[in-house]
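Structure below; questions to follow.
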Amino acid sequence: MKHSIPTALSIAGTDPTGGAGIQADLKTFQEREVFGMSVITSVVAQNTLGVKSVEHLPIPFISDQLNCVMSDIVPDVIKTGMIATSEMMELIAKVIKNHSIPYVIDPVMVAKSGDHLMDANAKQTLVDKLIRLAAIVTPNIPEAEVLLQTKINSVEDSENAARQIVTELGAKAAVVKGGHFSEVPIDVLYDGNSLHEFSSIRYATKHTHGTGCTYSAVIAAELAKGHSIQESVSIAKKFITDAIQFSLQLGKGNGPTNHWGHRLQGLPEYERGDVTDELSCKN
Ligand SMILES: Nc1ncnc2c1ncn2[C@@H]1O[C@H](COP(=O)(O)OP(=O)(O)O)[C@@H](O)[C@H]1O
Ligand SMILES: Cc1ncc(COP(=O)(O)OP(=O)(O)O)c(N)n1
């Protein structure tokens, strides 16, 4: 059934400080004017300094949550973030296979704090069961390196990686994000036909907690509206750049981005307040 507004489901873990995970996804869906829904896989005790502990929800309970959503409000898009175990991945693969809904995978493996969010032995299940179902996969450079067992040191390497995720692992499209490059953050999309680059200036800020979650949530929201992969990634790049530029002075570590940063573009400096932390940027 077509809904009155676009709808998106995020299947992921939590962040009680609100910068990453389910919380970031729901804020982002709202900002993109998409009705957001969520199924929680793991409850994570974390903040801007790191992860303290993790509780994985039992598989039958994750399954109940999925059934509740899918039997009532079938989403226009599904996005997954933190899926820690092979068992969770197998369950989610079954649900996705039963519906023909665009599926966005953010292959979350390790948080910026260095804490592991996916079991080491779940990587093969991710590749075998989920990636081939994806409309788009959105790895950062370390994640793409793990998926392909290769090293990425240049934009050309990112291009090869994005292409390989499609041609060898079976996704329809892949965007390798460039936040981990030391210079210009260039994201490389392979949409199954051609390569596209999306770049911005690099902001010298430590407040980038949840950038990957937010970026992939924008892509999901835009796909839910019917935009193409290329348009969706382009909008995501602009959205995350604004969210980083206007990042908030919150937390004792790597703080969250500003999910309404895109609304501040164009406002004169005095109306923005002091939200442009460490705005000295290098190109
Ligand atoms: N300091 C920065 N300045 C501008 N853009 C950035 C910065 N860090 C990351 N980005 C952008 O944010 C998005 C997420 O990047 P990345 O850090 O690679 O992913 P993740 O958060 O999954 O590690 C990408 O579009 C990337 O280019
Ligand atoms: C519950 C949860 N999911 C994902 C992440 C990782 O988020 P990401 O967007 O990659 O940002 P960093 O945490 O790496 O800054 C997370 N921390 N928690």
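One-based numbering, in listed order, for ligands and for the atoms of each.
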message: Any nitrogen or oxygen of His180, side chain or backbone, less than 3.5 Å from one on ligand 1?
response: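 Yes: some nitrogen or oxygen of His180 is under 3.5 Å from one in ligand 1.
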
message: For residues 210-242, which residue pairs pass the ring-ring contact (aromatic ring centres under 6.0 Å, His included) check, not counting sequence neighbours?
response: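 Sorted result for residues 210-242: Phe239-His262.
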
Val51 and Leu117, any side-chain heavy atoms less than 4.5 Å apart: yes

- prompt: So is Asn140 polar-close to ligand 1, meaning N/O to N/O under 3.5 Å?
  reply: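 Asn140 vs ligand 1: N/O contact under 3.5 Å present.
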
- prompt: Judging by distance only, is a nitrogen or oxygen of Lys112 under 3.5 angstrom from one on ligand 1?
  reply: yes

Where ligand 1 meets Ile201 - atom numbers and elements under 4.0 angstrom, heavy-atom basis: 3 (N), 4 (C)

Could you tell me, for ligand 2, which of its N or O atoms are under 3.5 Å from any protein N or O, listing the pairs and their distances rounded to 0.1 Å?
residue: ligand 2; atom: 9 (O); partner: Gly212; partner atom: N; Å: 3.0
residue: ligand 2; atom: 9 (O); partner: Cys213; partner atom: N; Å: 2.9
residue: ligand 2; atom: 11 (O); partner: Gly210; partner atom: N; Å: 3.1
residue: ligand 2; atom: 13 (O); partner: His209; partner atom: ND1; Å: 3.3
residue: ligand 2; atom: 14 (O); partner: Lys112; partner atom: N; Å: 2.8
residue: ligand 2; atom: 15 (O); partner: Lys112; partner atom: NZ; Å: 3.3
residue: ligand 2; atom: 15 (O); partner: Gly210; partner atom: N; Å: 3.2
residue: ligand 2; atom: 17 (N); partner: Gln46; partner atom: OE1; Å: 3.1
residue: ligand 2; atom: 18 (N); partner: Gln46; partner atom: NE2; Å: 2.8

- request: Output yes when the distance from some N or O of ligand 1 to some N or O of Gly212 is under 3.5 Å, and no in every other case.
  value: yes

- request: Would you tell me which option among Thr211, Ile141, Ile244 has the nearest heavy-atom contact to atom 10 (N) of ligand 1?
  value: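 It is Ile244 that holds the nearest heavy atom.
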
field: Atoms of ligand 1 close to Asp187 [distance to a heavy atom under 4.0 angstrom, numbered from 1]
entry: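 Listed by number with element: 24 (C), 25 (O), 26 (C), 27 (O).
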
task: Please say whether Lys177 places an N or O atom under 3.5 Å from an N or O atom belonging to ligand 1.
output: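 Between Lys177 and ligand 1, an N or O pair is found under 3.5 Å apart.
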
- line: So for Glu143 against ligand 1, with non-hydrogen atoms under 4.0 Å, the contacting part is neither

- request: Determine, for Glu183 against Arg202, whether the closest basic-nitrogen to carboxylate-oxygen distance falls under 4.0 angstrom.
  value: no

- prompt: At what distance, to the nearest 0.5 angstrom, does CE of Met89 lie from CD1 of Ile96?
  reply: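 So the CE of Met89 and the CD1 of Ile96 are separated by 12.0 Å.
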
query: Taking everything shown except Lys129 itself, do over 12 heavy atoms lie less than 6.0 Å from its NZ?
result: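 No, the 6.0 Å shell around NZ holds no more than 12 heavy atoms from other groups.
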
